[in-house]
Amino acid sequence: MYPKITRWFQSYRFGPHAATLLAADSAITALAGLAAWLFNYGAASCTANLGTLFRVLPTYMLFYAVGFLLLQTYNSFERQPNANLRNAILAVSISVCILSLLQNYSGLKIFSVFRIHDLLLQAIFTLIGMNILRIFVKAHYDYYGRRGSSNGAYGLSDIALLNMEMTDLLQRNPIEVDTEAIRQEMDGKRIFVTGAAGSIGSELVNLLAGYNPGMLVLIDQAESPLHDVRMMLERDYPSIRYTAIVTDICHSHRMEQLFKKFRPEIIFHAAAYKHVPMMEDNPIESVLNNVDGTRKLANLAVAYEVDKFVMISTDKAVNPTNIMGCSKRICEIYCQSLARNERHGGCQFITTRFGNVLGSNGSVVPIFREQIRRGGPVQVTHPDIIRYFMLIPEACQLVLEAATIGHGGEILAFDMGKPVRIADLARKMIKISHREDIRIEYTGLRPGEKLYEELLNDDETVLPTSHDKIKIATVREYDFDTVKQQIEQLVETARTYDAGETIRLMSELVPEYKPNRK
């Protein structure tokens, strides 16, 4: 029980900062009770009844604390102050109602000390105190966090900066998932995570470890980052069974050996080359890693009777203008056509499609952060370029939710909220650094880059799922035997290192691919 409580305390939704705020809110209710008694009955009565009040108020405080905990009044007050205030009012109101009922019907003396007008005044003082506390915390956060170093906020460490940036750059309510359903799906299962050292893969490992898997097999070719993931598991989840494998997913014999040894029940496939400009210069590697690697894993999943194969795709696969996006669309086509083929062996192939994640390796936020630290300029490719963004934990929680609700053959597109103009994001990062002298420099669109990304193409519509942030994309269906033959030809051509013919074959597989190459 203690390890579970510890993991919950250290989790994304409830950490030490939240526990401190919750404790402070609860203490405020006790002080508010003293203030209410002092206001209603005077100093003499308050002094005379001090012993009684000290016995009664901790019990009252407990009722308020439960309300604060259930409605999460400690959560996201910086990002969503209005929603947090509504939750605080609701929590206090519910607590007052319960205490009033106990006062009238329980017959317990402890609940008769405070009358209804005392409770109401205590509630008012509590709400005032809670909001004063939040104003103080926010002011401390702004002043000392952002101005307290010689370089403003960007003199702080990357870890210290992350929550500050996410709060300011992505202002929306936190995404909720059905954690109990996910727990039931993952509990005791043997799970593979490819690309386990990457931004998405490592967060998936962190979340999965909290759902009591039977075995985690972490696969990546990046040795040092994978070592960091191992250290995280040993530190935070010492009881979890896992193994970390340094290998390439394209190594067929090694991967089959791992499948034979561990017999995975669920696979989360996050391994891919993802950087658009790099893949524009290396189309062969994009095909050999993204397409052939996915094909080999999917075939092994069928051969070894894996229950679920969850592929991480991207919004760049929609009407792709670059090699990376086109390669991921081919991966989608292969998995979906295989899922609808009678020879798929019952494996449920689920594709998740979403946009950029804030703070991931090589993404715009850490790049801008480093440019600001150097004194600028902050380089933006185009003044009108926009992107959809999501936090890494949010995206990974939705991936786990999709794995739970998916039945196979679907492409599940995530609702990314409103798109963000990259120039506006740069301005906000400059603002929170308090380095207004830093200028923005426009460098022009990079090869393969679009002004905007899409989660659906013009011919796709969506169907709802049980989660309002996840939609089923009704995409064009492909014949598996035809797709299999085309991809075999594509991979064989890529192995000859004929880039022109490789790109031509990619265009045949994905007719909507419109190269934007310089």
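Reckoned from all heavy atoms, side chains included, excluding hydrogens, waters and symmetry mates.
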Peer 1: Got a sec, which residues hit side chain to side chain donor-acceptor pair (under 3.5 Å) with Thr294, two or more places apart in sequence or on another chain?
Peer 2: His269
Peer 1: What I'd like to find out is whether the side chain of Leu338 reaches to under 4.5 Å of the side chain of Phe309, using heavy atoms alone.
Peer 2: no
Peer 1: Which atom pairs, donor and acceptor, lie under 3.5 Å between side-chain atoms of residues 252-260 and protein residues at least two apart or in another chain?
Peer 2:
from: Ser252; atom 1: OG; to: Lys296; atom 2: NZ; distance (Å): 3.3
from: Arg254; atom 1: NH1; to: Gln257; atom 2: OE1; distance (Å): 2.5
from: Glu256; atom 1: OE2; to: Tyr304; atom 2: OH; distance (Å): 2.9

Peer 1: Mind checking side chain to side chain donor-acceptor pair (under 3.5 Å) for Thr352 and listing every partner two or more places apart, or none if nothing turns up?
Peer 2: none
Peer 1: Just to verify, what does Asp479 make a side chain to side chain contact (heavy atoms under 4.5 Å, CB included) with, not counting sequence neighbours?
Peer 2: Asp481, Thr482
Peer 1: Between Phe192 and Phe262, what is the ring plane arrangement, given parallel below 30°, perpendicular above 60°, and tilted in between?
Peer 2: perpendicular
Peer 1: Does any part of the side chain of Lys316, heavy atoms only, come nearer than 4.5 Å to the side chain of Met324, both counted from C-beta?
Peer 2: yes
Peer 1: Going by the rule side chain to side chain donor-acceptor pair (under 3.5 Å), which residues pair with Tyr478 if we only count those two or more places apart in sequence or in a different chain?
Peer 2: Arg476
Peer 1: Looking at every non-hydrogen atom in both residues, tell me the closest pair between Ala395 and Ile200 and how far apart they are.
Peer 2: CB-CD1, 4.4 Å
Peer 1: Of all the heavy-atom pairs spanning Pro213 and Ala209, show the shortest one and how long it is.
Peer 2: CD-O, 3.9 Å
Peer 1: Under 4.5 Å between any side-chain heavy atoms of Leu398 and Lys469, yes or no?
Peer 2: yes
Peer 1: Only counting residues at least two apart or in another chain, list the ones meeting side chain to side chain contact (heavy atoms under 4.5 Å, CB included) with Glu501.
Peer 2: Thr493, Asp498, Arg504, Leu505
Peer 1: Going by the rule side chain to side chain contact (heavy atoms under 4.5 Å, CB included), which residues pair with Gln371 if we only count those two or more places apart in sequence or in a different chain?
Peer 2: Ile367, Phe368, Arg374, Val378, Gln379
Peer 1: Just wondering, do Arg353 and Glu332 contact through their side chains at under 4.5 Å, heavy atoms?
Peer 2: yes
Peer 1: If you take all heavy atoms of Leu207 and Cys396, which pair is closest and at what distance?
Peer 2: CD1-CB, 3.6 Å
Peer 1: A side-chain contact here means heavy atoms from C-beta on lying under 4.5 Å apart; do Ile330 and Met506 qualify?
Peer 2: yes
Peer 1: Does the Glu512 side chain pair with the main chain of Pro320, one donor and one acceptor, at a distance under 3.5 Å?
Peer 2: no
Peer 1: From the options Val399, Leu412, Ile191, select the one residue that forms a side-chain contact (heavy atoms from CB on, under 4.5 Å) with Val310.
Peer 2: Val399
Peer 1: Quick one: which residue pairs count as a salt bridge (Lys or Arg N to Asp or Glu O under 4.0 Å) with a foot in residues 303-313, not counting sequence neighbours?
Peer 2: Glu185-Lys308
Peer 1: For Thr243, give me all partners under side chain to side chain donor-acceptor pair (under 3.5 Å), at least two apart in sequence or on another chain.
Peer 2: none
Peer 1: Output yes when Lys189 and Glu265 qualify as a salt bridge under the 4.0 Å nitrogen-oxygen rule, no when they do not.
Peer 2: no
Peer 1: Would you find a donor on one side and an acceptor on the other, under 3.5 Å apart, between the side chain of Glu477 and the backbone of Ser337?
Peer 2: no
Peer 1: So, Ser286 versus Ser327: side-chain donor-acceptor pair below 3.5 Å or not?
Peer 2: yes
Peer 1: Decide yes or no for Val510 and Ile333: does some side-chain heavy atom of the first lie under 4.5 Å from some side-chain heavy atom of the second?
Peer 2: yes
Peer 1: Please report the closest heavy-atom contact between Met311 and Cys331, naming both atoms and the distance.
Peer 2: SD-CB, 3.6 Å
Peer 1: Heavy atoms, side chains only, cut-off 4.5 Å: are Thr194 and Phe268 in contact?
Peer 2: no
Peer 1: Mark yes or no for whether Arg295, through its side chain, and Cys335, through its backbone, hold a donor-acceptor pair below 3.5 Å.
Peer 2: no
Peer 1: Counting C-beta onward and ignoring hydrogens, is there a side-chain heavy-atom pair between Arg421 and Ile385 closer than 4.5 Å?
Peer 2: no
Peer 1: Please check this pair: side chain of Asn282 against backbone of Met278, looking for a donor-acceptor N/O pair closer than 3.5 Å.
Peer 2: yes
Peer 1: Ring pair (Phe, Tyr, Trp, His ring centres under 6.0 Å) with Tyr334: which residues, sequence neighbours excluded?
Peer 2: Phe480
Peer 1: Which heavy atom of Leu218 sits nearest a heavy atom of Val205, and at what distance?
Peer 2: CD2-CG2, 3.6 Å
Peer 1: Write down the atom of Ile249, the atom of Ala271, and the distance for their closest heavy-atom approach.
Peer 2: CD1-CB, 4.0 Å
Peer 1: Ignoring hydrogens and angles, tell me if any N or O in the side chain of Glu410 forms a donor-acceptor pair with the backbone of Gly408 under 3.5 Å.
Peer 2: yes
Peer 1: Would the distance check show the side chain of Arg241 and the main-chain N or O of Gly214 forming a donor-acceptor pair, the cut-off being under 3.5 Å?
Peer 2: yes
Peer 1: Are Tyr513 and Asn322 linked by a side-chain donor-acceptor pair shorter than 3.5 Å?
Peer 2: no
Peer 1: Which residues pass the side chain to side chain contact (heavy atoms under 4.5 Å, CB included) test with Tyr497, not counting sequence neighbours?
Peer 2: Ile284, Glu285, Leu288
Peer 1: When the side chains of residues 224-233 are checked against the rest of the protein, which donor-acceptor pairs come out under 3.5 Å, sequence neighbours left out?
Peer 2:
none

